[in-house]
**Q** 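I'd like to ask you about the structure that follows.
Quick caveat: nothing in here was measured; it's all calculated off a predicted structure.
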Amino acid sequence: MANVESFDLDHTKVHAPYVRLAGLKRTPHGDAISKYDLRLLQPNQGAIEPAAIHTLEHLLAGYLRDHLDHVVDVSPMGCRTGMYMAVIGEPDETGVLQAFESALQDVAAHDRPIPGVSELECGNYRDHDLAAAREHARAALDAGLKVQETVLLQR
């Protein structure tokens, strides 16, 4: 089986909330695709409820694109402690941090219907929680986001 970068991260040594460059790939034509770890909760000390992380996914998918160019995808982590974001190019972590902060501020203030929430647009449209998503955004902002270095496991 191929090695997965996130399995090499020492999850006991990182300090959420944070932004971390999780990987960089090159296409056959030399274009860069950067993957960022946008962590909201400390690993193994909590998890975002499924309905809340689903709502965060819908909101951050739009709001991150409002603040950062060339976003390809925003996806929830299976552990439910944050999101992964893929971006074309190599934006610096400080710029990604500022975009993430701005997007979380937008989520915390979001008082309209959640985008993409109908049977036609979403595979589980009944499973959303805007109030909890807003609270997770506020909690991360209150805790103070930072850039986190990658801390690899010592094997």
**Q** Output yes when a side-chain donor or acceptor of Q42 lies under 3.5 Å from a complementary backbone atom of V14, and no otherwise.
**A**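 Yes, the answer is positive, given that a donor and an acceptor are paired below the 3.5 Å cut-off.
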**Q** Can E49 and H136 be said to form a side-chain contact (heavy atoms from CB on, under 4.5 Å), step by step?
**A** CA-CA 10 Å; E49 309 79 21; H136 281 291; 3.0 Å; yes
**Q** Of all the heavy-atom pairs spanning F100 and Y18, show the shortest one and how long it is.
**A** CE2-O, 4.1 Å
**Q** In sequence, state the C-alpha distance, the side-chain angles, and the governing distance for V117 and H58, and then conclude on side-chain contact (heavy atoms from CB on, under 4.5 Å).
**A** CA-CA 9 Å; V117 178; H58 278 234; 4.0 Å; yes
**Q** Any chance you could measure R80, atom CZ, to L40, atom CG, to the nearest 0.5 Å?
**A** 13.0 Å
**Q** I need the minimum non-hydrogen distance between T150 and L21, along with the two atoms involved.
**A**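 Taking every non-hydrogen atom into account, OG1-O, 3.5 Å.
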**Q** If Ile, Leu, Val, Met, Phe, Trp and Tyr residues are connected whenever their side-chain heavy atoms lie under 4.5 Å apart, and connections chain through other members, are M77 and L9 in the same group?
**A**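 No, M77 and L9 fall in different hydrophobic clusters.
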**Q** Can you tell me if S34 uses its side chain to pair, donor with acceptor, with the backbone of L24 under 3.5 Å?
**A**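 Here the side-chain-to-backbone pair does not exist.
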**Q** With no hydrogens and no angle check, is any side-chain donor or acceptor of H54 less than 3.5 Å from a backbone partner on D127?
**A** yes
**Q** Specify the closest pair of heavy atoms between V107 and A137, including all atoms of both residues, with the distance to one decimal.
**A** CG1-CB, 3.7 Å
**Q** More than 12 heavy atoms of other residues, nucleotides or ligands under 6.0 Å from CG of N44: yes or no?
**A** no
**Q** Which heavy atom in L153 sits nearest to a heavy atom in F7, and how many Å separate them?
**A**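 Minimum heavy-atom contact is CD1-O, 3.4 Å.
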**Q** Taking T55 for the side chain and H128 for the main chain, is one N or O donor matched with an acceptor at less than 3.5 Å?
**A**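 Between the backbone of H128 and the side chain of T55 there is no qualifying donor-acceptor contact (under 3.5 Å).
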**Q** Flag yes if L64 and I33 sit in one hydrophobic cluster, no otherwise; membership is Ile, Leu, Val, Met, Phe, Trp, Tyr, and two members link when side-chain heavy atoms are under 4.5 Å apart.
**A**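 They do not share one cluster, since no chain of ILVMFWY contacts under 4.5 Å joins L64 to I33.
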**Q** Within the side chain of K146, is there an N or O that forms a donor-acceptor pair under 3.5 Å with the backbone of V19?
**A** no
**Q** I need the I48 CD1 to E135 CD distance, nearest 0.5 Å.
**A** 11.5 Å
**Q** Taking ring pair (Phe, Tyr, Trp, His ring centres under 6.0 Å) as the test, write out the residues that go with H67, two or more places apart.
**A** none
**Q** Is a side-chain donor or acceptor of R65 paired with a backbone partner of V72 at a separation under 3.5 angstrom?
**A** yes
**Q** Quick check: closest heavy atoms across A140 and P17, and the distance to 0.1 Å?
**A** O-CG, 3.5 Å
**Q** Is R26 atom CZ crowded by more than 12 heavy atoms from other residues, nucleotides or ligands, each under 6.0 Å away?
**A** yes
**Q** When rounded to the nearest 0.5 angstrom, what distance separates CD1 in I88 from NE2 in H70?
**A** 7.0 Å
**Q** Within the distance-only criterion (no hydrogens, no angle test), does the side chain of Q148 pair as donor or acceptor with the backbone N or O of H15 below 3.5 angstrom?
**A**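 The answer is yes, because a donor-acceptor pair under 3.5 Å joins these two groups.
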**Q** Please round to the nearest 0.5 Å and tell me the distance separating atom CD of E57 and atom OH of Y84.
**A** 14.5 Å
**Q** Compare all side-chain heavy atoms of L56 with those of M83 and state whether any distance is below 4.5 angstrom.
**A** yes
**Q** Taking R39 for the side chain and G82 for the main chain, is one N or O donor matched with an acceptor at less than 3.5 Å?
**A** no
**Q** If only atom types and distance count, is the side chain of E101 paired as donor or acceptor with the main-chain N or O of L145 below 3.5 Å?
**A** no
**Q** To the nearest 0.5 Å, tell me how far H29 NE2 sits from T27 OG1.
**A**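 Rounded to the nearest 0.5 Å, the NE2-OG1 separation comes out at 6.5 Å.
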**Q** Answer yes or no: is there an ion pair linking K13 with E149, defined by an N-O contact shorter than 4.0 Å?
**A** no
**Q** Once rounded to the nearest 0.5 Å, what's the spacing between atom CG of L68 and atom OH of Y36?
**A** 8.0 Å
**Q** Which atoms form the tightest heavy-atom contact between C122 and G116, and what is the distance?
**A** CB-O, 3.2 Å
**Q** If hydrophobic clusters are built from ILVMFWY residues whose side chains come within less than 4.5 Å, do L38 and V151 share one?
**A** no
**Q** For atom CD of E119, decide whether the heavy atoms of other residues, nucleotides or ligands shown that lie under 6.0 angstrom number more than 12.
**A** no
**Q** Does some side-chain heavy atom of L60 sit less than 4.5 Å from a side-chain heavy atom of M85?
**A**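 Answer no - side chains too far apart.
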